[in-house]
Amino acid sequence: MTHDLLEKKSLLMAVVSTIVILIGGIVEIVPLYAVKAQVPAIAGVKPYTPLEVEGRDIYLREGCYTCHSQMVRPFRDEAERYGPYSKAGEFVYDHPFQWGSKRTGPDLHRVGGKYPNSWHYIHMRNPRDVSPDSIMPNYPWLLSRGLDTSTTQRKLRALRTVGVPYTDEEIAAADQSLRKQADEIVASLKSAQIADAEADREIIALIAYLQRLGMDINWRNSDATAQR
Amino acid sequence: MTQTSAPGTVAYDEDTPRLFAVATIVWGIVGMLVGLYVALELAFYQLNFDQPWLTFGRLRPLHTNAVIFAFAGNAVFAGIYYSTQRLCRTAMWSVALSKLNFWGWQAIIVADALALLSGYTDGKEYAEPVWSIDVAITLVWVAFAVNFFMTLAKRREKHLYVALWFYMSTVITIAILHVVNNLCVPVTMLKGYSVYSGVQDALIQWWYGHNAVGFLLTTPFLGLMYYYLPKAAERPVYSYRLSVIHFWSLIFLYIWAGPHHLLYTALPDWAQTLGMVFSLMLIAPSWGGMINGLMTLKGSWDKVRTDPILKFFVVGLSFYGMSTFEGPMMSIKSVSAVGHYTDWVVGHVHGGALGWVGFVTFAMLYWMVPRLWKTELWSVRLATAHFWVATIGIVLYMTAMWIAGVTQGLMWRAVTPEGTLAYTFIETVKVLKPYYVVRALGGALYLGGAIMMGWNLLMTMRSGQVRPELIPIKADETPQAHERTVQPISAEVVSQ
């Protein structure tokens, strides 16, 4: 029997095994890169702002993906509950993707613009203040910790290396852009009676990121967007 | 670099499997303890205690990393280092690389645990370690691979036993999956961005994630089963032909099934369909392995009544069969529509992890530790008690998660006659609490069993001794003279 040869030649066995395990991956992965139409571009999809990049890194750091997905499936109930189903082109700047695999809490892909900034601020401090039966942990340290912006520009450069089209000007002006967006969020928080909000805290970056989610296709009507 | 031994004898390196066996027990208990804690956090959110490092989001990756890479990983190393030397009738090629493998792997586990608790993560499931730890993992894995293949190269037994095929596919595939999925551009030592984004990142991640299950939790454990089950049962493997067929079809089909984690997502439809179809086909080779294992016991079923090691193998193989039936069913798109994102998936994973990986590991340790320490198992009755406690734990765990998952999946999609959603999201959270409590109870039983095993094996080690052993090499087992035909292959593992 020919298999006998493989059973006596370890190198041959290793080579054949390698070929056998490579086939499936190559057939499935290569077309996603080779065929542009596999991920149709969406005009409104823009890279995250510097503050949103920092907010997204906090989202990763706290392991939000272990309980929240970012992928609205094309079902009637999901469209009703969350909004329009998620499209491939909306995630082209997500390094890494955060689609998740478990919904201990609700999906977050269309959470942008769903609640005012002040809701997120209160919710992260103690989720039960806005959702009495929530089982989500409190994140009080996000309200007290200062946002580390010492590596923001390096992050943008690294993201540009992997394909996010930041310009030199955008990277050079990252700190100003970040500060400006943070000040706007704090202004909205102050006007919602949150007196202790400060622009240099981690919570501001996280709110910026959450409010951006799912908003590139501009699906919310103008009334809902105004509530931000 | 081979160990010195008297002419005509071989001295196997038993220190390395001994160290890995101890690490398996210790990390197993630690990883399961963290698992129990996160399970309790879902039932009682107050246990998050407002401390960053205690929150579910940081501890859950620690749990999965600990049980997959520390518990199962060390178990695989222990079993491979023990059995490869015997199947090749030679000592490992390099003691230095074996030591590097052991201490390097433990250092990686500690570094990863500290990093995860501090919030340093890549944010990709089961691939959380940051790039600098990923580099260390790659180096240690390469050291293991070189040591393993060089040992095969200098083997005295010409014929490669089926367990070795499974080990080889593990060594090769894990290296490829790990390197490709973790490619990133560094920002700092502890932060980098994946070179892939969005849909491509998702597909590559689940190509990795699914095959981490395939090639770290399935193929090496099938290899271990093929070595340790015939040993424990003192029976030859049931079918040589079946092992050939199910080996090649398993490693070929497994790779394709990753997209079943991405059904109804933004992944292109054709890829989803491929993932579903190959997942369904995967039943056949999976059951081939289960059948070959169970049928090996043909003629010695009476021993299962008295021997806890065989009990663990039988139930472990049964859970393997059940999980590899359930998995393909869940990969059917309309079933995934209900089950995805729910606790059903968590229950499914634990059926395989607790039932298959855990039970094969326990069986292997109960068989191997007394032999490594040249003694008898301290208490067979305690091992039998461990078996029953763990089995009841798994049943509680899985039943609770089945009900919880299907309940929540159905509640999410329920609509009123008027066409609006029947339940708010929070209502579907509230309903799960009793199931989360039962699940934690099941997990506590399973952990309790592991602690019983830890005590039993500790007492076994204390009653034994660590001494080198010279195994005589028979004349007909020298490389030149030794030629085997296919026929005795299934019997040879018993005699070694």
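All values reported here derive from a predicted model rather than from experimental measurement. Throughout, a chain's letter reflects where its sequence line sits, starting with A, and its residues are numbered from 1.
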Colleague: Quick one: do B:Y240 and A:E7 satisfy side chain to side chain donor-acceptor pair (under 3.5 Å)? Show the steps, please.
Modeller: CA-CA 12 Å; B:Y240 161 78; A:E7 290 167 21; 2.3 Å; yes

Colleague: Counting heavy-atom pairs under 4.5 Å to chain B, which of A:L22, A:I23, A:N126, A:L11 comes out on top?
Modeller: A:I23

Colleague: Among B:F49, B:W256, B:F149, single out the residue with the greatest number of heavy-atom pairs under 4.5 Å to chain A.
Modeller: B:W256

Colleague: Where on A:R76 is there a heavy atom nearer than 4.5 Å to chain B: the side chain, the backbone, both, or neither?
Modeller: side chain

Colleague: Given that the side chain runs from C-beta out, which part of A:S86 has a heavy atom under 4.5 Å from chain B: side chain, backbone, both or neither?
Modeller: backbone

Colleague: Walk me through it: do B:L432 and A:T104 pass the test side-chain contact (heavy atoms from CB on, under 4.5 Å)?
Modeller: CA-CA 10 Å; B:L432 299 180; A:T104 301; over 6 Å; no

Colleague: Tell me which of these, A:R154, A:K155, A:E80, has more heavy-atom pairs under 4.5 Å with chain B than the rest.
Modeller: A:K155

Colleague: Would you please say whether a donor-acceptor pair under 3.5 Å links the side chains of B:Y193 and A:D57?
Modeller: yes

Colleague: Whether A:R128 engages the ring of B:Y45 as a cation-pi pair (distance to the six-membered ring centre under 6.0 angstrom, angle to the ring normal within 45°) should be assessed.
Modeller: yes

Colleague: Do you know which two heavy atoms are closest between B:R155 and A:S10, and how far apart they sit?
Modeller: NH1-OG, 3.6 Å

Colleague: Please walk me through it: do A:R103 and B:H340 pass side-chain contact (heavy atoms from CB on, under 4.5 Å)?
Modeller: CA-CA 9 Å; A:R103 285 180 184 158; B:H340 194 42; over 6 Å; no

Colleague: Out of B:P52, B:G275, B:P268, return the one with the most heavy atom pairs under 4.5 angstrom to chain A.
Modeller: B:P52

Colleague: Any idea which of A:I21, A:V162, A:L60, A:N138 has the most non-hydrogen atom pairs under 4.5 angstrom with chain B?
Modeller: A:I21

Colleague: Report the option among A:V39, A:T151, A:V27 that has the most heavy-atom pairs separated by less than 4.5 Å from atoms of chain B.
Modeller: A:V27

Colleague: In this structure, which one of B:V195, B:D122, B:D201 forms a side chain to side chain contact (heavy atoms under 4.5 Å, CB included) with A:P96?
Modeller: B:D201

Colleague: For chain B, which of A:F97, A:Y59, A:Y33 has the most heavy-atom pairs under 4.5 Å?
Modeller: A:F97

Colleague: Between A:Q98 and chain B, which part of the residue has a heavy atom less than 4.5 Å away: side chain, backbone, both or neither?
Modeller: side chain

Colleague: I need the residue from A:D107, A:L159, A:V164 with the largest number of non-hydrogen atom pairs under 4.5 Å to chain B.
Modeller: A:L159

Colleague: Do B:W270 and A:Q38 meet the criterion of a side-chain donor-acceptor pair at a distance under 3.5 Å?
Modeller: yes

Colleague: Of all heavy-atom pairs between A:S69 and B:Y341, which one has the smallest distance, and what is that distance?
Modeller: CB-CE2, 3.6 Å

Colleague: In terms of heavy-atom contacts, does CH2 of B:W53 have more than 12 from other residues, nucleotides or ligands at under 6.0 Å?
Modeller: no

Colleague: Output, in order, the C-alpha distance, side-chain angles, deciding distance and verdict of side-chain contact (heavy atoms from CB on, under 4.5 Å) for B:V199 and A:W99.
Modeller: CA-CA 9 Å; B:V199 179; A:W99 293 0; 4.0 Å; yes

Colleague: Checking A:R145 against chain B: side chain, backbone, both or neither under 4.5 Å from a heavy atom?
Modeller: side chain

Colleague: B:D50 and A:P140: which non-hydrogen atoms are nearest, and at how many Å?
Modeller: CB-CG, 4.0 Å

